[in-house]
Novice: 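Next up is a structure, given as structure tokens.
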Amino acid sequence: MIAIENRLDSIFQIVGKIQNYDWGGKKFIPYLISEDNTTNSNYAEYWLGAHLKAPSLIKTKKGIISLNQFLSQKPIEKLGLNVANSFGKLPYLFKVLDVNKMLSIQVHPTKEAAEIGYNNENKKGILLTAKNRNYKDKNHKPEIMVALSDFWLLHGFLERKKLIKNLSETKELNFLLSTFINGGYYELYRTVMEYTQEEVNNILKPLVERILPKFLNNELDKSSPEYWSAKSLKSTGSTDIDRGIFSIYFFNILNVSKGEAVFQDAGVPHAYLEGKNIELMANSDNVLRGGLTTKHIDVVELLKNTKFEETIPEILNGNKNELNSEVVYNTTAKDFELSKIELDNSKTHNSISNSVEILIALNGFATIHQNDKKYKLKKGQSILIKANTSYTITSNKTVEIYKASVPTQK
């Protein structure tokens, strides 16, 4: 039974949904939301949103209902006029992630591509729950992540000279140099993605035999592709070698510190490798996979939706508003905006929600003031604030809150 208390007409406590994927950790998310992991399960993600797969729950005067049901009632009042007219529903999905094992290499489609792909798979009669289904909805999935710990990820193709250096210095991959120099990023990626599993095994076996002993002896640095390639081998029991190892040598390996952010737009190949983060994305579950996974890989769709260009990583520190104790991580996405509020007994946060907002406290204890009413927000708790609500947040101690909203449309 979920214990939810609500005393306000514009601010509501909501409870998210756990996703127990095998790559998740066992302690961070249970500790955050004060839940005992009695079954020793993997707590990978905590979802706050109205996605049909796992909508959050919210308590109203009429009882506990799903968030999507709640927002469908008087949507202009709750979402805000612009969001209701532009999207018709909550346009974002808010998550907390605990990446214990590497996630699959993936690409997200543009909105146009998602609509086409979704309709085509429907015409083919592929069930939404089918393992070979690529498009679960018609939406794009740009996303931003903010590190809550030391965090590692793959992000976009390396600059040309850096990729040439990787291929030149890795003897087992030297033969791909001419493919890249003559055919560019597309031809290089297409070539390795179209190899048969037998070809992948034959090519990568010598690499595996060379780097795995070094990994087991702690001789590899985390900034090297050898480290993550070897770690991916160690975490699988399969005799087949994952073709995603090629991509680890092709992509940027990023290490971001707590509070730093990375934005990933449609077409940018990426994979989370290790750490904990807050993630905010468009309300979609469309994923095209390229490796480090046992799930379905559709090479044709993957190649069709990937940006084959060098990526110069941009680490976002956000725009700081010291007077309001807020850091806003601006992106080009129209579906969402992520910010962080840090308070102590000397600071106050004042705001008027121009759209529907969801807030989660990562630590500490805060009080939300709305007119003459107060609401207590503790570690791991979340609230939804309706559009056009004026409120103030205070704290007697240090508190860290992340806020999901929709940017003002210009």
Side-chain angles (χ1 to χ4, degrees), residues 14 16-17 19 45-56 66-68 70-72 75-97 106-118 135-146 155 261-268 270 272 277-288 305 307 314 316 318-319 326-340 351 353-360 382-389 402-410:
I14 64 174
K17 293 287 182 69
Q19 301 297 325
E45 299 183 350
Y46 184 62
W47 285 24
L48 291 163
H51 195 282
L52 292 176
K53 178 181 176 181
S56 298
S66 68
L67 183 55
N68 44 8
F70 171 78
L71 294 173
S72 68
I76 292 177
E77 175 188 318
K78 294 168 182 175
L79 295 169
L81 180 62
N82 289 336
V83 173
N85 287 342
S86 299
F87 301 98
K89 59 183 180 180
L90 186 70
Y92 57 75
L93 180 58
F94 202 15
K95 298 180 180 180
V96 180
L97 274 66
Q106 55 193 261
V107 166
H108 304 306
T110 63
K111 189 168 178 57
E112 180 183 17
E115 290 175 353
I116 294 170
Y118 181 86
Y135 300 95
K136 308 295 178 61
D137 50 65
K138 296 182 179 181
N139 206 8
H140 62 167
K141 195 185 175 187
E143 57 192 21
I144 186 171
M145 59 139 286
V146 178
H155 175 77
V262 178
F263 175 66
Q264 281 152 166
D265 209 348
V268 178
H270 61 279
Y272 293 158
N277 71 15
I278 282 279
E279 189 177 50
L280 184 59
M281 62 186 65
N283 189 21
S284 172
D285 200 28
N286 287 328
V287 177
L288 301 165
N305 286 277
K307 287 183 178 178
E314 182 181 6
L316 305 175
N319 296 321
E326 184 174 22
V327 178
V328 180
Y329 298 93
N330 293 314
T331 71
T332 56
K334 296 181 180 180
D335 311 61
F336 57 79
E337 184 174 87
L338 181 62
S339 65
K340 177 176 63 173
S351 185
S353 56
N354 72 284
S355 68
V356 60
E357 298 178 350
I358 295 177
L359 283 65
I360 180 170
S382 304
I383 56 171
L384 177 141
I385 301 178
K386 292 184 348 186
N388 304 308
T389 300
Y402 278 87
K403 177 172 73 174
S405 60
V406 182
T408 304
Q409 303 301 315
K410 297 179 180 178

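Values in this document were obtained by computation on a predicted structure and should not be read as measured data.
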Novice: Backbone N or O of Gln106 within a donor-acceptor pair of the His108 side chain at under 3.5 Å?
Specialist: no
Novice: Compare every heavy atom of Asn286 with every heavy atom of Lys136, then report the nearest pair and how far apart it is.
Specialist: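 Answer, listing the atom of Lys136 first, then Asn286: N-OD1, 2.6 Å.
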Novice: Tell me whether the count of non-hydrogen atoms from other residues, nucleotides or ligands lying under 6.0 Å of NZ in Lys138 goes above 12.
Specialist: no
Novice: Any donor and acceptor pair, going by atom type alone, linking the side chain of Ser382 with main-chain N or O of Ile14 inside 3.5 Å?
Specialist: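 No.
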Novice: Among all residues two or more places apart in sequence or in another chain, which pass the side-chain contact (heavy atoms from CB on, under 4.5 Å) test with Ala387?
Specialist: none
Novice: How many angstroms lie between atom OG of Ser72 and atom CG of Leu67, to the nearest 0.5 angstrom?
Specialist: 9.5 Å
Novice: Quick one: side-chain hydrogen bond (donor to acceptor under 3.5 Å, both in side chains) partners of Lys95, sequence neighbours excluded?
Specialist: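 Applying side-chain hydrogen bond (donor to acceptor under 3.5 Å, both in side chains) to Lys95 gives Glu45.
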Novice: Does some side-chain heavy atom of Asn68 sit less than 4.5 Å from a side-chain heavy atom of Lys89?
Specialist: no
Novice: Considering all heavy atoms of both residues, which atom of Tyr329 and which atom of Ala261 are nearest to each other, and what is their separation?
Specialist: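 Closest pair (atom of Tyr329, atom of Ala261, distance): CD2-CB, 3.6 Å.
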Novice: With sequence neighbours excluded, tell me which residues meet side-chain contact (heavy atoms from CB on, under 4.5 Å) with Lys386.
Specialist: Ser10, Phe12, Glu77, Lys78, Leu384, Thr389
Novice: Considering non-hydrogen atoms only, spot the tightest contact between Ser351 and Lys403 and give its length.
Specialist: OG-NZ, 3.7 Å
Novice: Closer than 3.5 angstrom, by distance alone: can the side chain of Tyr402 be matched with the main-chain N or O of Leu338 as a donor-acceptor pair?
Specialist: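 No; judged by distance alone, with no hydrogens or angles, the pair does not exist.
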Novice: What heavy-atom pair brings Val107 and Asn305 nearest, and what distance separates the two atoms?
Specialist: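 Val107 and Asn305 have their closest heavy atoms at CG1-O, 3.4 Å.
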Novice: Would you say the side chain of Leu359 lies within less than 4.5 Å of the side chain of Phe94, judging by non-hydrogen atoms?
Specialist: no
Novice: For Glu279, which residues count as a salt bridge (Lys or Arg N to Asp or Glu O under 4.0 Å) partner, sequence neighbours excluded?
Specialist: none
Novice: If you measure from CG on Asn85 to CD1 on Ile76, what distance do you get to the nearest 0.5 Å?
Specialist: 6.0 Å
Novice: Listed by chain and number, what are the side-chain hydrogen bond (donor to acceptor under 3.5 Å, both in side chains) partners of Lys340, not counting sequence neighbours?
Specialist: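 None.
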Novice: To check you understand the geometry: which heavy-atom pair defines the closest contact between Lys53 and Trp47, and what is its length?
Specialist: CD-CH2, 3.7 Å
Novice: Looking at Thr332 and Phe263, what are the two nearest heavy atoms and their distance?
Specialist: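 Distance-wise, the nearest heavy atoms are OG1-CE2, 3.6 Å.
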Novice: Going through the distances and angles, do Ile278 and Val96 end up as a side-chain contact (heavy atoms from CB on, under 4.5 Å)?
Specialist: CA-CA 5 Å; Ile278 282 279; Val96 180; 3.7 Å; yes
Novice: Applying side-chain contact (heavy atoms from CB on, under 4.5 Å), name anything that partners Ser355, two or more places apart in sequence or on another chain.
Specialist: Val83, Ser405, Val406
Novice: Determine whether a donor-acceptor pair (N or O, by modelled atom type, separation under 3.5 Å) exists between the side chain of Ser353 and the backbone of Asn388.
Specialist: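 Checked: pair present.
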Novice: CD1 of Ile358 to CD1 of Ile385: how many Å apart, nearest 0.5 Å?
Specialist: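 Output value for this atom pair is 10.0 Å.
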Novice: Tell me whether the count of non-hydrogen atoms from other residues, nucleotides or ligands lying under 6.0 Å of NZ in Lys307 goes above 12.
Specialist: yes
Novice: Let me see the working for Leu288 and Tyr135 under side-chain contact (heavy atoms from CB on, under 4.5 Å), right down to the final yes or no.
Specialist: CA-CA 8 Å; Leu288 301 165; Tyr135 300 95; 4.0 Å; yes
Novice: Working to the nearest 0.5 Å, report the span between OH of Tyr272 and CG of Asn277.
Specialist: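 Spacing of OH (Tyr272) from CG (Asn277) equals 5.0 Å.
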Novice: Establish, from distance only, whether the side-chain atoms of Asp335 and His140 form a donor-acceptor pair under 3.5 Å.
Specialist: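 The criterion, which ignores hydrogens and geometry beyond distance, is satisfied for His140 and Asp335.
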Novice: Give, for atom CD1 of Ile144 and atom CD of Gln264, the distance between the pair rounded to the nearest 0.5 Å.
Specialist: 9.5 Å
Novice: Less than 4.5 Å apart, any side-chain heavy atom of Asp137 and any of His51?
Specialist: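 In short, these two side chains touch, coming nearer than 4.5 Å.
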Novice: Is any side-chain heavy atom of Leu79 less than 4.5 Å from a side-chain heavy atom of Phe87?
Specialist: no
Novice: Calculate, to the nearest 0.5 Å, the distance between atoms CG and NZ belonging to Leu93 and Lys141 respectively.
Specialist: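 The NZ atom of Lys141 is 8.0 Å from CG of Leu93, to the nearest 0.5 Å.
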